[in-house]
Visitor: 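I'd like to ask some things about the structure below.
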Protein chains: 2
Amino acid sequence: MARKTGSHSEITGPRIRAVAERLFARHGYAAVSMRQIAAEVGVQAGALYLYTPDKQSLLADMMREHLEGLLAALADLPAPPDPAEALAQFARFHVDYHILRPDAVFIAYMELRNLEPAHFAQVEALRRRYEDALEAILQRGRDMGVFSLPDTKLATLALIAMLTGVTNWYREGGRLGRAEVLGIYADMALKAVGAGPKR
Amino acid sequence: MARKTGSHSEITGPRIRAVAERLFARHGYAAVSMRQIAAEVGVQAGALYLYTPDKQSLLADMMREHLEGLLAALADLPAPPDPAEALAQFARFHVDYHILRPDAVFIAYMELRNLEPAHFAQVEALRRRYEDALEAILQRGRDMGVFSLPDTKLATLALIAMLTGVTNWYREGGRLGRAEVLGIYADMALKAVGAGPKR
DNA sequence: GTCTATACAGGGATAGAC
DNA sequence: GTCTATCCCTGTATAGAC
């Protein structure tokens, strides 16, 4: 009872972000109104502006935080000396991380065009760093002669597209379990670059 | 001189569709206004409604026509008895068709959530038919023992995601030529399902 | 800190003149 | 077939009461 009724700043802030993320993912940034977000949070539209300067920042912050979280989690992984092992680990990590955050992923890939140029540049730089991490693995594997790759950049983008595609269909409690899915994708990724599956 | 000035129905109709496609792809369906479309076409907003009942039909028609064109083109291909050859052909076809129609593809993948339920169902059915065509190839290859696939449905979706990803980066006149790109993708697709590249 | 009320721009769509 | 004018709704954002 220490807090006055009507004072919820520590709760409302995160709730706005959560609701906005769900609505943006479901209907698209441009199609969602501040009134809609406010209604789901349980406040008036005007109250949102206590927590965000505007709608655009809501989007940009959510995308930046998602990508920063992705990069931080990636950096926490060990760095296996064997390229095949490194690729398998990356594939499993990527699929797992994306499966667990479908809304954030969807937004990060679909709403780029709704970012103002300054925000776009920041987000693109983060995405680029992530792609570079995979490309480094592929490059090393090619240099060591264990991957067969006509073009590492193309392969990087092809693999990321393939792995990210999991979010288009995977549903918790579906026909295939998460561990199973991770394994299959890692397997396909390895084979796609001409390395045998890790055994 | 047979036609009165101001009468352009045979030109305006297609132009509206073309302009709408470009704008929807660039900014997103929800972010584009009828006034914007009209301005680019060179007519007043009200005139659009002579060619389309509403904005939603503009989107639904464009998506349905894209997918119908895709299916028709696919049906025109020969049906190689060798599954590896069939998959290579599918991969090359898919990448090529998508590379040549980046706007239509982008819309077909990004604007599904802006379709009303009835239109959504139609479009989903078409997409499903396309996926089934690839799955049939994979299934046959697995039955014949030339593909190594833990799950044909997952592999279908993974391959389509990988191949469609080409639209995220390919630009005419870039570092890699179209023929080269087709070859590399087909190669990766074959390897991903455990078949050697076609020689 | 949150509310109501509201400003003001722009949305989709229609009516009716030409 | 195209125009202007307009209806009515919804958009973002702010002001000021509580």
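All values below were derived from every heavy atom in this structure, side-chain atoms included, with hydrogens, water molecules and symmetry-related copies excluded.
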Visitor: Does anything in residues 15-44 of chain B form a salt bridge (charged side-chain N to carboxylate O under 4.0 Å, His left out)? List the pairs, not counting sequence neighbours.
Guide: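 Matches after skipping sequence neighbours: B:R22-B:E40.
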
Visitor: What integer distance in Å separates B:Y51:OH from D:dG1:C1'?
Guide: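 Result: 6 Å.
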
Visitor: Looking only at the aromatic ring of each residue, does the gap between the centers of B:H94 and B:Y130 stay below 6.0 angstrom?
Guide: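 So the answer is yes for these two rings.
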
Visitor: Start with the C-alpha distance between B:K191 and A:S148, add both sets of side-chain angles, then the distance that settles side-chain hydrogen bond (donor to acceptor under 3.5 Å, both in side chains), and finish with yes or no.
Guide: CA-CA 10 Å; B:K191 286 196 283 192; A:S148 151; 3.2 Å; yes

Visitor: Could you tell me the separation between the CG atom of A:L58 and the C1' atom of D:dG11, rounded to a whole number of Å?
Guide: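 Atom CG in A:L58 sits about 15 Å away from atom C1' in D:dG11.
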
Visitor: For residues 18-40 of chain B, which residues have at least one heavy atom under 4.0 Å from DNA chain C?
Guide: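 Listed by number, they are B:V32, B:S33, B:M34, B:R35.
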
Visitor: Does C:dT2 have its OP1 or OP2 closer than 4.0 Å to a side-chain nitrogen or oxygen of A:T12?
Guide: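 Yes, A:T12 has a side-chain N/O under 4.0 Å of OP1/OP2 on C:dT2.
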
Visitor: Check the distance between D:dT12's C1' and A:Y49's OH and give it to me in whole angstrom.
Guide: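 It works out to 4 Å between those atoms.
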
Visitor: CG/A:L159 to CE/A:M188 distance, rounded to the nearest 0.5 angstrom?
Guide: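 One finds 10.5 Å between CG of A:L159 and CE of A:M188.
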
Visitor: Between the side chain of A:E85 and the main-chain N/O of A:P80, is any donor-acceptor distance below 3.5 Å?
Guide: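 It does not hold such a pair.
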
Visitor: Return the nearest nucleotide to the side chain of B:K55; candidates are D:dT12, C:dA13, D:dC3.
Guide: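 Among the listed nucleotides, the one closest to the side chain of B:K55 is C:dA13.
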
Visitor: Are any of B:Q44's side-chain N or O atoms less than 4.0 Å away from OP1 or OP2 of D:dT4?
Guide: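 Looking at the OP1 and OP2 atoms of D:dT4, one of them is under 4.0 Å from a side-chain N or O of B:Q44.
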
Visitor: Measure all distances between protein nitrogen or oxygen atoms and nitrogen or oxygen atoms of nucleotides 15-18 of chain C, and list the pairs falling under 3.5 Å.
Guide:
none

